[in-house]
Amino acid sequence: DAGVTQSPTHLIKTRGQQVTLRCSPKSGHDTVSWYQQALGQGPQFIFQYYEEEERQRGNFPDRFSGHQFPNYSSELNVNALLLGDSALYLCASSLDNLGAFFGQGTRLTVV
Amino acid sequence: TQLLEQSPQFLSIQEGENLTVYCNSSSVFSSLQWYRQEPGEGPVLLVTVVTGGEVKKLKRLTFQFGDARKDSSLHITAAQPGDTGLYLCAGAGFGNEKLTFGTGTRLTIIP
């Protein structure tokens, strides 16, 4: 059983560009959440998708958007990249409040 | 806004010693989860505590959820070099699966 898979693992983008990150949840999980983790800090919640709808959103600007597909996979899009968007982006899937399974993350560097 | 504070932020101890990491908040959570994260990887779930006052043991690791469900602790007995890593606590909200992460404790066990 594959766990949560994310692609790409590393990405370098130029300021002002747009980026799309992808996530496939653990088999059987219907809820996908995205987190941003800056160096030396804990992950910060971006948003959560359930049944193809954004169910919750953290304190992130509208430049951050997402999508969930019928097979529960998900995308995170970031427009007009800023240097401060450089971080590890983590996808987590879950069924309930009893624990989340994380992918290995996508390391985004904005130059 | 829900906040979780962990202490200490950094901890470096000799192999064989015991240690305790604390996770405190002014908010009540439906569950409290502990994760360990290795460099370049996503967080891995260690345990979930749900009931106030609950104690769970995982080999040399003991986790406790405060009676008021606002705080938690992680105690490691006879620490080993393999315990080295970033330890994160995370609180789950009620009726949703959004996780609020603590600031993290970076633990180094010296052989």
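In what follows, every chain begins at residue 1, and chains take the letters A, B, ... in the order their sequences are listed.
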Listed by residue number, which members of residues 80-93 of chain A have a heavy atom under 4.5 Å from any heavy atom of chain B?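 So far as heavy atoms go, L88(A), L90(A) are the residues that approach chain B to under 4.5 Å.
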
Atom [atom1] of [X]: over 12 foreign heavy atoms under 6.0 Å:
X	atom1	value
E52(A)	CD	yes
Y22(B)	OH	no
Q80(B)	CD	yes
R63(A)	CZ	yes
Y72(A)	OH	no
I110(B)	CD1	yes
N59(A)	CG	no

Contact class of Q6(A) relative to chain B, heavy atoms under 4.5 angstrom: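 Neither part; nothing is under 4.5 Å.
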
Under 4.5 Å to a heavy atom of chain B? For F101(A) that would be neither

Quick one: which residues of residues 53-61 of chain B reach chain A at under 4.5 angstrom, heavy atoms only?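 Hits under 4.5 Å: none found.
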
Between G103(A), G58(A), G99(A), G40(A), which residue shows the highest count of heavy-atom pairs closer than 4.5 Å to chain B? G99(A)

Can you tell me which of S33(A), S94(A), G105(A) forms the most heavy-atom pairs within a distance under 4.5 Å of chain B? S94(A)

Linking I/L/V/M/F/W/Y whenever any side-chain heavy atoms sit under 4.5 Å apart, do [X] and [Y] land together?
X	Y	value
L95(A)	V4(A)	no
L76(A)	F102(A)	no
L4(B)	I46(A)	no
V21(B)	I13(B)	yes
F29(B)	L46(B)	yes

Best-contacting candidate, Q37(B), R106(B), E38(B), against chain A by heavy atom pairs under 4.5 angstrom: Q37(B)

Counting heavy-atom pairs under 4.5 angstrom with chain A, the leader among P43(B), G42(B), S31(B) is P43(B)

Which atom of P43(A) lies closest to which atom of L88(B), heavy atoms considered: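 Heavy atoms only, the tightest pair is CD-CD1, 3.9 Å.
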
Quick check on [X] against chain A: is it the side chain, the backbone, both or neither that has a heavy atom closer than 4.5 Å?
X	answer
Q6(B)	neither
Q33(B)	side chain
T103(B)	backbone
L32(B)	neither

Working to the nearest 0.5 angstrom, can you tell me the gap between Q48(A) CD and K98(B) NZ?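 Answer for the CD-NZ pair, Q48(A) versus K98(B), is 10.0 Å.
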
Distance, nearest 0.5 Å, that separates CD of Q41(A) from CZ of F101(B):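 It is 13.5 Å, given to the nearest 0.5 Å.
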
Please determine whether side chain to side chain contact (heavy atoms under 4.5 Å, CB included) holds for the pair Y35(A) and L99(B), giving the CA-CA distance in whole Å, both sets of side-chain angles, and the decisive distance to 0.1 Å. CA-CA 9 Å; Y35(A) 294 82; L99(B) 293 176; 3.2 Å; yes

N/O donor-acceptor pair under 3.5 Å between Y35(B) side chain and A100(A) backbone: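 Yes.
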
